[in-house]
Amino acid sequence: GCLNTSGKEILPFQYDGIKVFLLRAIVFTRTGNQFMYGLIDLNNKTLIPQQYKNIYSIGSLRYAVENFENKMALFTENGAQITPFTIDSISSFKKNYAVIHQGLRQGLIDREGNIKMEPTYREIRVDDDGSVHARQTDEWIFLNGQNNLYQNKRADTIVAIGKGLLHVTTSGVTQIEDYTLKPLYPTTFSTFGNFSQGKAIFSVD
């Protein structure tokens with residue numbers, strides 16, 4: 001639960017955890033073996049129901065809500081959803097802008113949920129004065145045996161790691177792709193080691 005400085009009970013003792021942000025509180029309770037997150041005000045009124053994997057305060061009276069498909073959406077402090085669940089991760093707001101990640105790319109969103117820069121960049125940075133700096137990824141060109149272009153791709157590094165397998169890294173995130181540049185796994189990896197006797201060690205988040 002939650003008490004004020006006089007010891008008065010503000011929120012009832014019914015939650016497994018509470019994180020208070022100004023006049024809002026992120027709360028969670030256990031259901032089976034899973035914690036379910038929601039958002040309430042300090043009168044214990046539900047603003048975002050407890051049915052999500054996680055909720056993060058990201059400033060500017062905005063919350064990033066993560067569903068159980070590991071996708072995020074942007075919500076207001078009153079619980080209104082203002083983007084679909086298509087974001088892989090989102091930074092805290094700075095000068096009313098936040099950097100979003102979709103796959104291996106970064107984009108820019110404002111506090112109203114408007115995409116200001118499509119997620120096509122390697123890196124986006126918002127400075128203290130509100131100026132925005134963006135950097136495109138390097139372009140890799142694939143040639144056939146006759147030195148003719150047959151495909152290209154933007155990435156930081158591309159390394160062949162096995163028969164028909166490519167290790168593709170952009171902005172510190174890795175995907176394993178085949179030679180048609182199609183990802184073999186729905187998830188991205190934080191690290192992905194070399195194969196040894198047909199096995200490789202990876203990490204996620």
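Hydrophobic cluster membership differs between L74 and L61, with clusters built from Ile, Leu, Val, Met, Phe, Trp and Tyr side chains linked at under 4.5 angstrom. Hydrophobic cluster membership differs between L143 and L181, with clusters built from Ile, Leu, Val, Met, Phe, Trp and Tyr side chains linked at under 4.5 angstrom.
Formation of a donor-acceptor pair under 3.5 Å by the Q102 side chain with backbone atoms of T86 is found in this model. Q106 places a side-chain N or O within donor-acceptor distance of the main-chain N or O of I124, the cut-off being under 3.5 Å. Although no hydrogens or angles enter the test, the distance criterion places a donor-acceptor pair under 3.5 Å between the side chain of D41 and the main chain of N43. Under the 3.5 Å distance criterion, the side-chain polar atoms of T137 are left unmatched by any main-chain donor or acceptor of R122. Between the Q151 side chain and the F142 main chain, no donor and acceptor come within less than 3.5 Å of each other.
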Inset, instruction - Start with the C-alpha distance between T191 and S203, add both sets of side-chain angles, then the distance that settles side-chain hydrogen bond (donor to acceptor under 3.5 Å, both in side chains), and finish with yes or no. - result: CA-CA 5 Å; T191 62; S203 65; 2.5 Å; yes
Inset, instruction - Applying side-chain contact (heavy atoms from CB on, under 4.5 Å), run through I18 and L11 and close with a yes or a no. - result: CA-CA 9 Å; I18 298 175; L11 296 176; 4.2 Å; yes
Inset, instruction - Would you please test K71 and I87 for side-chain contact (heavy atoms from CB on, under 4.5 Å) and show each step? - result: CA-CA 5 Å; K71 294 293 184 178; I87 301 169; over 6 Å; no
Inset, instruction - Tell me, with the steps shown, if K153 and E177 meet side-chain contact (heavy atoms from CB on, under 4.5 Å). - result: CA-CA 12 Å; K153 184 178 181 68; E177 302 183 3; 3.3 Å; yes
Inset, instruction - Report the C-alpha separation of H133 and D127 in whole Å, then their side-chain angles, then the decisive distance to 0.1 Å, and conclude whether the side-chain contact (heavy atoms from CB on, under 4.5 Å) test is met. - result: CA-CA 8 Å; H133 301 268; D127 286 347; 2.8 Å; yes
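For the pair P84 and A73, the tightest heavy-atom approach, listed with the atom from each and the gap, is O-CB, 3.6 Å. The minimum heavy-atom distance between Y121 and A134, with the atom names listed, is CD2-CB, 3.7 Å. Closest heavy-atom contact between G193 and A200: O-CB, 3.6 Å. Taking each heavy atom of L166 and A160 in turn, the nearest pair found is CD2-CA, 3.9 Å.
Alongside L3, the hydrophobic cluster contains F13 (criterion: ILVMFWY side chains under 4.5 Å). Under a 4.5 Å side-chain heavy-atom criterion applied to ILVMFWY residues, the cluster that includes V204 comprises V159, I161, L165, I176, L184, Y185, F189, F192, F195, F202 as well. Under a 4.5 Å side-chain heavy-atom criterion applied to ILVMFWY residues, the cluster that includes F85 comprises F21, I26, F28, F35, Y37, L39, L47, I48, Y52, I55, Y63, V65, F75 as well.
Rounding to the nearest 0.5 Å places OG of S89 at 9.5 Å from OH of Y56. One distance of note links CG of N54 with CE of M36; it measures 11.5 Å at 0.5 Å rounding. Rounding to the nearest 0.5 Å places CD1 of I100 at 13.5 Å from CZ of R105. Residue T170 holds its OG1 atom at 7.5 Å from CD1 of I158, rounded to the nearest 0.5 Å. One finds the CG atom of D88 at 9.0 Å from the OG1 atom of T187 (value rounded to the nearest 0.5 Å). Q81 contributes atom CD, which lies 10.0 Å from atom OG1 of T76 (distance to the nearest 0.5 angstrom).
Using a 3.5 Å distance cut-off with no hydrogens or angles, the side chains of N70 and K53 do pair a donor with an acceptor. Looking at Y150 and N148, their side chains never bring a donor and an acceptor atom within 3.5 Å of each other. A donor-acceptor contact closer than 3.5 angstrom links the side chains of N152 and E139. T174 and T169 share a side-chain donor-acceptor pair at under 3.5 Å.
A 4.5 Å side-chain heavy-atom check between L108 and V132 finds at least one atom pair inside the cut-off. Contact annotation: the side chain of R111 never approaches that of Y97 to less than 4.5 Å [non-hydrogen atoms, C-beta and beyond]. Between I109 and N114, the closest side-chain pair of non-hydrogen atoms is not below 4.5 Å. Put simply, the side chain of R125 does not reach to within 4.5 Å of the side chain of R135, judged on heavy atoms.
Look at R154 and D138 and you find no salt bridge, because none of the NZ, NE, NH1 or NH2 atoms lies under 4.0 Å from a carboxylate O. Under the 4.0 Å criterion applied to side-chain N and carboxylate O atoms, R62 and E112 are assigned as salt-bridge partners.
Atom CG of L149 has more than 12 heavy atoms from other residues, nucleotides or ligands within 6.0 Å. Residue-environment remark: CG (N194) stays at or below the threshold of 12 foreign heavy atoms within 6.0 Å.
For the salt bridge (Lys or Arg N to Asp or Glu O under 4.0 Å) condition, the pairs that include at least one residue of residues 92-104, sequence neighbours left out, are K94-D128. Residue pairs meeting the side-chain hydrogen bond (donor to acceptor under 3.5 Å, both in side chains) criterion with at least one partner in residues 12-26, sequence neighbours excluded, are Y15-N44, R24-N78.
Partners of D129 by side chain to side chain donor-acceptor pair (under 3.5 Å), not counting sequence neighbours, listed by chain and number: S131.
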